[in-house]
Amino acid sequence: MIEKTGVPTPQDLWKVFPPKERLEKGPVAIIECFQRIPCDPCYTACKKEAIQEFEDINDLPQIDFEICNGCGLCISRCPGLCIFIVDQTYSETGVLIKLPFEFLPLPEKGEEVDALNRKGEVVGKTKVVKVQNGRYEDKTPVISILVPKELSMEVRNIRLRKNND
Amino acid sequence: MHIKEHPILAFKRGRRVEFFFDGKKMWGYEGEPIAAALHANGVRVLRRSIKLNRPRGFYCAIGNCSSCLMKVNGEPNVRVCVERLEEGMVVGTQMAKGDLSRAKANPISSSGGGSGIRKTDIAVIGGGPAGLSAAISANQMGAKVTLLDRNSRIGGQLIKQTHMFFGSEKQYAFIRGIDIADILADKLDKEMTDVMLNATVLGYYREDGVLGVEENNRFTKIKPERIIVATGASEKVLAFPNNDLPGIYGAGAAQTLMNEHGVVPGNNVLMVGAGNIGLIVSYQLMQAGINVKAIIEAASKIGGYWVHASKVRRLGVPIYTSYTVKKADGRESLERVTIWQLDKNWQPLKGTEIDLNVDVMCIAVGLSPLAELLWQAGCQMKYIPELGGHTPLRGEDMQTTVKGIYVAGDVAGVEEASSAMVEGSLAGLCAAKSLGYDNGRFKELREEAINELMNLRSGPVSEGMRKGLEQLI
Ligand SMILES: Cc1cc2nc3c(=O)[nH]c(=O)nc-3n(C[C@H](O)[C@H](O)[C@H](O)COP(=O)(O)OP(=O)(O)OC[C@H]3O[C@@H](n4cnc5c(N)ncnc54)[C@H](O)[C@@H]3O)c2cc1C
Ligand code: SF4
Ligand code: SF4
Ligand code: FES
């Protein structure tokens, strides 16, 4: 279906989600990359070697969730912008998601923004916890947001409120 | 409208100057193409067609298609997509063929009166990733190069690509296209390569092996020992009623307008084609603050990479597969597009029509090799749909069937910047070697390039490419 819609199905997603026990332990990368394409910067970006070396540049990324510490260095190195960090241990009230966001204006820390799913539909609102936009991100800023647990595997984008008026 | 703020790009603009369009005073930036300045002022109709008096706007934005001919300072038939704005210019809508009687007699002068033929080891035509890599490799072997590009900036398609590229580290993966252009340009050996910009190669004279070049309105001749053609590709068009309305642009043209010249092509866009170009340009339109209403694709599947498709879906842009354009409507320029669904046999289904109110439609239905020079040179060509159309036959060393003429990049089969760079290196190495140049590493570098190409093309997304290439080599 993703080949028709551009939206991964739950079956696609199951294959790349970390096990529940791992999610409960702390931040971890979720790599939503489902097609064999000639691409491997996620492998070179990960200093922990959590992403296996590619034998063939067309391989799908293979991540070892036990090695990955959720540092997020791979997010802004992925040309597919398909790597997200989920931290279910962040706080009592919500789950932290880190996502790439290449649009202006950038949100500010503390700002309330719309939370969007993989189809770009608004599924709730969320608060911006952090905006990383330094030399390393190189114009692919990484935004940290706080969402309720039940939305943590659904929210993958944000939209600023002021854009909507 | 000029783009004020962009998440990736910073626009270097000239000073603000005044000019006149059909008697009206307008503002633009000195040095930007006249068409960009007009667009920023909301003017999209540039001329009237010869027979039916239909409105015409621009289409290709790179001086290829003649859709944008206007009267500038009294001279008709000026391609305003490439002609630069100057203070006080008088620009007018051109009716039909224009009146030549008041124009300057012969704007193109010949330099050196015909006797001044420039000589060089290797002429590289086109300064995209393929041409740049060819020049770098030929220099490395010890050959002198003249690198020609008709654009005012070097880099080819790369200078419009604001997204991070795929590939591996060697082919600059995760670096943005615009930055790759700078990296390659820096690597050129300035002593060994003579770069000629605003220089269009008009023709190749087979009898004496001479290239005719128009450089800033001057005609020059170059006689190289070897030629590497790296002219890239041009955008295909799509047939439907009213497909000539201003506001219907090649996706690459819209990209040139917004990413090179910093002008938004319109407010609401329909993208036709869900290959990588359609998907990426849609994303870039959204980055420039323009609304993309939908992406349609005639095939039943998305042709581009799924990660690109997911990116635009997350922004809320729908993708309709098995849909095509029924017709476009609008009085002076595009106002509405009707799309309809196709069945399994690619037949349109009545009753499935959807009207979309858009002022811009971008056509991204593929590229075909820009191979005129190869035809002129008598290179044997073969029609290979997987590679974009007529493509030159060539050996493993990238030499065509005409001795001394090499090819690299999209002109040798529409593919990717990553493979264009490797093909360019290969052509540069082999052309230099055939002239006796070798720094001692020829064999090793040639082998490396051939292996890299095989590696890049080994995946499932390159299947059509592999099939196509088998017929060429
Ligand atoms: C929207 C878009 C996104 C893309 N994304 C990617 C990507 O993510 N990764 C990737 O690997 N590839 C990507 N590509 C493809 C890549 O840009 C091309 O495959 C690559 O640029 C081809 O290189 P080239 O050197 O053959 O041609 P070009 O880059 O097209 O360069 C050809 C040059 O030749 C010049 N020229 C043509 N005719 C003449 C003449 N007669 N005289 C003088 N000069 C002439 C032109 O001005 C031009 O500068 C993308 C392309 C597009 C349009
Ligand atoms: S989050 Fe950090 S550790 Fe995990 S895969 Fe990415 S770069 Fe490696
Ligand atoms: S860098 Fe991103 S798109 Fe490329 S293989 Fe890794 S996850 Fe997939
Ligand atoms: S020649 Fe100007 S738009 Fe094509």
Side-chain angles (χ1 to χ4, degrees), chain A residues 1-8 12 31-45 54-61 74-84 99-106 114 116-122 133 138-141 155-159 163, chain B residues 3-9 162-176 179 274 276 279 283-284 286-289 295 297 299-322 416 418-419 452 455-462:
Chain A
M1 273 302 271
I2 182 172
E3 71 274 12
K4 280 186 191 292
T5 60
V7 179
D12 292 327
I31 307 186
E32 303 191 1
C33 183
F34 305 100
Q35 186 183 29
R36 287 170 50 85
I37 52 174
C39 181
D40 72 0
C42 50
Y43 155 67
T44 36
F54 285 49
E55 242 168 66
D56 169 346
I57 185 158
N58 290 286
D59 285 346
L60 290 180
C74 49
I75 298 178
S76 56
R77 285 293 177 273
C78 164
L81 302 185
C82 65
I83 307 182
F84 306 88
L99 48 82
F101 186 77
E102 294 182 320
F103 293 84
L104 286 181
L106 280 176
D114 286 334
L116 313 185
N117 64 12
R118 295 183 182 84
K119 290 183 198 157
E121 296 160 346
V122 179
N133 184 24
D138 189 23
K139 296 177 186 148
T140 302
V155 170
R156 289 297 177 263
N157 195 15
I158 55 165
R159 184 180 294 145
N163 275 359
Chain B
I3 299 170
K4 287 190 195 76
E5 252 197 329
H6 193 281
I8 314 290
L9 297 165
T162 49
H163 61 287
M164 293 185 270
F165 272 39
F166 292 85
S168 73
E169 229 164 2
K170 237 196 191 139
Q171 294 107 30
Y172 309 103
F174 83 72
I175 299 180
R176 298 179 196 281
D179 299 332
N276 273 334
L279 297 172
Y283 183 77
Q284 295 180 353
M286 300 287 284
Q287 280 184 310
I295 301 172
E297 166 62 54
S300 62
K301 285 183 193 157
I302 293 165
Y305 294 167
W306 299 345
V307 279
H308 285 314
S310 299
K311 261 187 236 180
V312 287
R313 286 308 311 270
R314 283 202 293 275
L315 297 169
V317 178
I319 300 177
Y320 298 107
T321 49
S322 299
E416 297 263 283
S418 39
S419 44
E452 242 175 273
N455 198 2
L456 279 173
R457 291 169 178 154
S458 66
V461 285
S462 313

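Below, chain A is the first sequence line, B the second, and so on; all start at residue 1.
Aromatic ring centres of B:Tyr283 and A:Phe103 lie closer together than 6.0 Å.
Of all the listed residues (A:Phe54, A:Phe84, A:Tyr43), the one sharing the greatest number of non-hydrogen pairs under 4.5 Å with chain B is A:Phe84. Top candidate by heavy-atom pairs under 4.5 Å with chain B, chosen from A:Gly120, A:Pro141, A:Pro100, is A:Gly120. The candidate from B:Pro318, B:Gly167, B:Gly316 with the greatest count of non-hydrogen atom pairs under 4.5 Å with chain A is B:Gly167. Your options are B:Glu297, B:His163, B:Met286, and the one with the most heavy-atom pairs under 4.5 Å with chain A is B:Met286.
Side-chain contact between A:Pro79 and B:Phe166: present, with at least one pair of heavy atoms (C-beta onward) separated by less than 4.5 Å. B:Asn455 has its side chain within reach of A:Asp56: a pair of non-hydrogen atoms, C-beta onward, lies under 4.5 Å apart. A heavy-atom distance below 4.5 Å is found between the side chains of A:Pro38 and B:Tyr305. Proximity of B:Met164 to A:Glu102: side-chain heavy atoms (C-beta onward) are separated by under 4.5 Å at one or more points.
Considering every non-hydrogen atom in both A:Leu104 and B:Pro7, the closest pair reads CD1-N, 3.5 Å. Contact detail for B:Gly459 and A:Asn58: the closest heavy-atom pair is N-ND2, 3.0 Å. Shown here for B:Val307 and A:Glu32, the closest heavy-atom pair between the two residues is CG1-O, 4.3 Å.
With a 4.5 Å cut-off on non-hydrogen atoms, B:Arg176 touches chain A through its side chain but not through its backbone. Interface remark: B:Phe165 contributes backbone atoms only to the contact with chain A (heavy atom separation under 4.5 Å). Both the backbone and the side chain of B:Lys301 come within contact range of chain A, judged by heavy atoms closer than 4.5 Å. There is no contact between A:Cys42 and chain B, counting heavy-atom distances below 4.5 Å. Both the backbone and the side chain of A:Thr140 come within less than 4.5 Å of a heavy atom of chain B. Only the side chain of A:Leu116 comes within less than 4.5 Å of a heavy atom of chain B; its backbone N, CA, C and O stay farther away. With a 4.5 angstrom heavy-atom cutoff, A:Thr44 touches chain B only via side-chain atoms.
Counted within 6.0 Å of OH on B:Tyr320, heavy atoms from surrounding residues, nucleotides or ligands total 12 or fewer; the atom is thus considered open. Surrounding CD of A:Glu3 are more than 12 heavy atoms belonging to other residues, nucleotides or ligands, all under 6.0 Å away.
Here CZ of A:Arg159 is found 8.0 Å from CG of B:Leu315. Values are rounded to the nearest 0.5 Å. Interatomic distance, CG of B:Asp179 versus NZ of A:Lys139, reported as 6.0 Å (0.5 Å rounding). Put simply, OG on B:Ser462 and CZ on A:Arg36 are 10.0 Å apart, with the number rounded to the nearest 0.5 Å. The CG atom of B:Asn276 sits 8.5 Å away from the CD1 atom of A:Ile37 when rounded to the nearest 0.5 Å. Atoms CG and NZ, on A:Leu81 and B:Lys311 in that order, are 4.5 Å from each other to the nearest 0.5 Å.
In terms of the side-chain contact (heavy atoms from CB on, under 4.5 Å) criterion, residue partners of B:Ser310 (sequence neighbours excluded) are, by chain and number, A:Ile2, A:Pro8, B:Arg314. Residues meeting the side chain to side chain donor-acceptor pair (under 3.5 Å) test with A:Asn117, sequence neighbours left out: A:Glu121.
Not one N or O on the side chain of A:Lys119 forms a donor-acceptor pair closer than 3.5 Å with the backbone of B:Arg313.
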